[in-house]
Protein chains: 2
Amino acid sequence: MFELSQLRCFVAVAEQLHFGRAADQLNMTQPPLSRQIQLLERELDAPLLIRNSRSVRLTSAGRVFLPEAKRILRLSDNARRWTQRVWRGEAGTLRIGFTAASGYGMLPDLMVKVHAAMPGVDVVLREMVTSAQVDALASGVLDVGFIRPVVALRQFESREYLREHLVAALPADDPLCDKDSIQVQDLHARPFVMFSPDASSYFHDLLGALFMQNKVSPDIVHQVGQMHSMLALVDAGFGAALLPEAAARLQFPNVRFRPLQAASDWTAKLNMIWDPDSENPVLERFLTLI
Amino acid sequence: MFELSQLRCFVAVAEQLHFGRAADQLNMTQPPLSRQIQLLERELDAPLLIRNSRSVRLTSAGRVFLPEAKRILRLSDNARRWTQRVWRGEAGTLRIGFTAASGYGMLPDLMVKVHAAMPGVDVVLREMVTSAQVDALASGVLDVGFIRPVVALRQFESREYLREHLVAALPADDPLCDKDSIQVQDLHARPFVMFSPDASSYFHDLLGALFMQNKVSPDIVHQVGQMHSMLALVDAGFGAALLPEAAARLQFPNVRFRPLQAASDWTAKLNMIWDPDSENPVLERFLTLI
DNA sequence: TTTCCTTACGCCTATCGTAAGCATA
DNA sequence: TATGCTTACGATAGGCGTAAGGAAA
């Protein structure tokens, strides 16, 4: 098969229609250029140029081959540049996992930030629960995940990304709506929509601890995994709920949000997690950006 | 810049994920293969493969570069094949010139023939008057022309392609329509639509000689260059006309065609003309086909 | 200890440049 | 005779294969 250097030789001659000038342009002398063209023609099994000491012109085969040769050279150059950019982290793909609730709050801002700082990078967003994100990171399907804190994370690095205060979601006809803010004690013995211990163990445990420390026992009418389902139940008047403040972005007609008066350590943490052995150069740039 | 051989090396390794097997597949030993990959990586200024003695896998740059490399190799192979086919005359373009009138008769058959014999060849048809065809041949815009016989054709080869008998075109109300065939003498002193001497000198001279030899003098009411214009005048009842039989394919409501009884040398010749120095291999195949 | 990629080194092919050859206007 | 492509030929760079090196399971 021919080589790219031969294509460059041919393109130069085909455009100059003069071996001497083409050789000059290629920083070589004419004889080896002639030879390269001959080798290319032998390889193609077709003459590309009709030449004598007076003129050089393309054959029909040469006319067909010229644009192909140029295209191949252009693609090769593009491939080189594109690969370099990907390696430098200036281009490529960043696959971000997020839990449904985390997305409401910080994702839009994050997207704007990433797009501004790394314009060549494509971002793929995938909504996944925490455990699925950990698996996806392990199998290389995700580059970075946004999850609620969990314990066993040996192989990954993580850091706290943000903390959210809790807000109370109340049915519109709940008398508590008259107050500007809610105390945990206000919820004692009142109907309450709780996070389920399996699908949302972090929030389940967080609220469980909050209630226990305050010696409050709400009347748990439902246990639900997803925030939008909880809000739907609140909207239907089943009771109140406690959610991270980002959930207030979800608007339901019969749901009112009121801030929860609680010590500042009763916040919902959102962690960022990634594989330090990732080969994706974009990840590194993302981490320095954050 | 890298070379195609290096792309082949990389693709083999990237697909095998094993230097030894890839080298085998490439009919070489591992060490030079390693070296080629190293050279490619240095050229791209990005690592393509992460390798240790236990495993080989692609980097993000390698994942981007692999499909590009395959594409470039595929295009190179296609370019080679396509160019060969063009050179062998199995593919390419044949540009055929024809005079308006010649097209009516033989072009459709010719097209069918060419397409059947040379399926990969694109045919470009251009209607041009004889002189324009000669110019187009000289400047390489046409490969072959179908023209009426002319004299000065030094640089081109030509051969007679076909001869057409002449037919008389008569207005529908002309009493001559009652006859099954027409004698030249029938046209004496009758209104006649003639070819113009400049735009259709061949037919003008042919008919002039025909009339002179038969001592016939029709009453020439118009001189026109193009056959469809002549037939339009016949249709309008201006007079009769003599045309090559292919013109009978043009149907006008008030025009009747009748064969002309004449010696067989009073026929309209259609010549094929081409440049023997043409570099188009399709032409050669076309000539042997005809 | 085995596997397997890399480094080291000698050989050889292939390309380059210089110089001569040759055809055309 | 001048221009310009091709052929000839010696020097050299670069690729290949063999052999040794080294890291990981």
Side-chain angles (χ1 to χ4, degrees), chain A residues 1-59 61-63 65-66 69 73 155 277 279, chain B residues 1-59 61-62 65-66 69 73 138 154-155 276-277 279:
Chain A
M1 178 63 93
F2 53 81
E3 288 296 341
L4 291 181
S5 58
Q6 296 174 327
L7 297 189
R8 267 187 292 278
C9 288
F10 169 61
V11 169
V13 176
E15 292 190 333
Q16 297 284 344
L17 292 177
H18 190 286
F19 278 67
R21 283 195 296 275
D24 234 37
Q25 181 186 315
L26 294 165
N27 290 316
M28 63 194 297
T29 54
Q30 228 168 356
L33 174 59
S34 282
R35 182 144 177 70
Q36 287 305 319
I37 298 291
Q38 287 164 14
L39 287 172
L40 179 57
E41 288 177 322
R42 173 175 307 186
E43 177 60 45
L44 292 173
D45 203 20
L48 297 173
L49 296 158
I50 295 176
R51 55 251 198 215
N52 51 45
S53 56
R54 282 298 128 187
S55 75
V56 175
R57 61 189 210 282
L58 289 164
T59 63
R63 266 194 298 277
F65 191 66
L66 178 58
L73 290 174
Q155 53 181 322
D277 295 333
E279 321 140 6
Chain B
M1 177 65 92
F2 54 81
E3 288 296 340
L4 291 181
S5 57
Q6 295 174 327
L7 296 189
R8 268 186 292 278
C9 288
F10 170 62
V11 169
V13 176
E15 291 190 335
Q16 296 284 345
L17 291 178
H18 190 287
F19 278 67
R21 283 195 296 275
D24 234 38
Q25 179 186 316
L26 295 165
N27 291 315
M28 63 194 296
T29 54
Q30 237 165 350
L33 175 58
S34 282
R35 182 147 174 70
Q36 288 305 321
I37 298 291
Q38 288 164 13
L39 287 173
L40 179 57
E41 289 177 321
R42 174 175 307 186
E43 178 58 46
L44 292 173
D45 202 20
L48 297 173
L49 296 158
I50 294 176
R51 54 242 196 227
N52 51 46
S53 55
R54 282 297 129 188
S55 74
V56 174
R57 62 187 209 284
L58 289 164
T59 63
F65 192 65
L66 178 58
L73 289 173
R154 229 138 281 191
Q155 52 180 325
D277 296 332
E279 322 139 4

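Labels below follow one simple rule: chain letters A, B, ... track the order of the sequence lines, proteins then strands, and each chain is numbered from 1.
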Inset, instruction - With sequence neighbours left out, write down each residue that passes ring-ring contact (aromatic ring centres under 6.0 Å, His included) with B/Phe2, or none if nothing qualifies. - result: B/Phe65
Could you tell me the separation between the [atom1] atom of [X] and the [atom2] atom of [N], rounded to a whole number of Å?
X       : N      : atom1 : atom2 : result
A/Leu4  : C/dT15 : CG    : P     : 14 Å
A/Asp24 : D/dT3  : CG    : C1'   : 15 Å
A/Leu26 : C/dT15 : CG    : P     : 15 Å
B/Gln6  : D/dG15 : CD    : P     : 7 Å
B/Leu40 : D/dG15 : CG    : P     : 12 Å
A/Glu3  : D/dG14 : CD    : P     : 15 Å
A/Ile50 : D/dC5  : CD1   : P     : 15 Å
A/Arg57 : C/dT24 : CZ    : P     : 13 Å

Inset, instruction - Would you please name every residue forming a side-chain contact (heavy atoms from CB on, under 4.5 Å) with B/Leu17, sequence neighbours left out? - result: B/Val56
Inset, instruction - Using side-chain contact (heavy atoms from CB on, under 4.5 Å) as the criterion, list what pairs up with A/Arg54, not counting sequence neighbours. - result: A/Asn52
Legend entry - nucleotides 3-14 of chain C: protein proximity per nucleotide (B base, S sugar-phosphate only, - neither; heavy atom, under 4.0 Å): BBBBB-------
Inset, instruction - For residues B/Ala14 and B/Leu58, report the shortest heavy-atom separation together with the two atoms involved. - result: CB-CD2, 3.9 Å
Inset, instruction - For B/Glu15, check salt bridge (Lys or Arg N to Asp or Glu O under 4.0 Å) against everything at least two apart and list the hits. - result: B/Lys70
Inset, instruction - Mind checking salt bridge (Lys or Arg N to Asp or Glu O under 4.0 Å) for B/Arg21 and listing every partner two or more places apart, or none if nothing turns up? - result: none
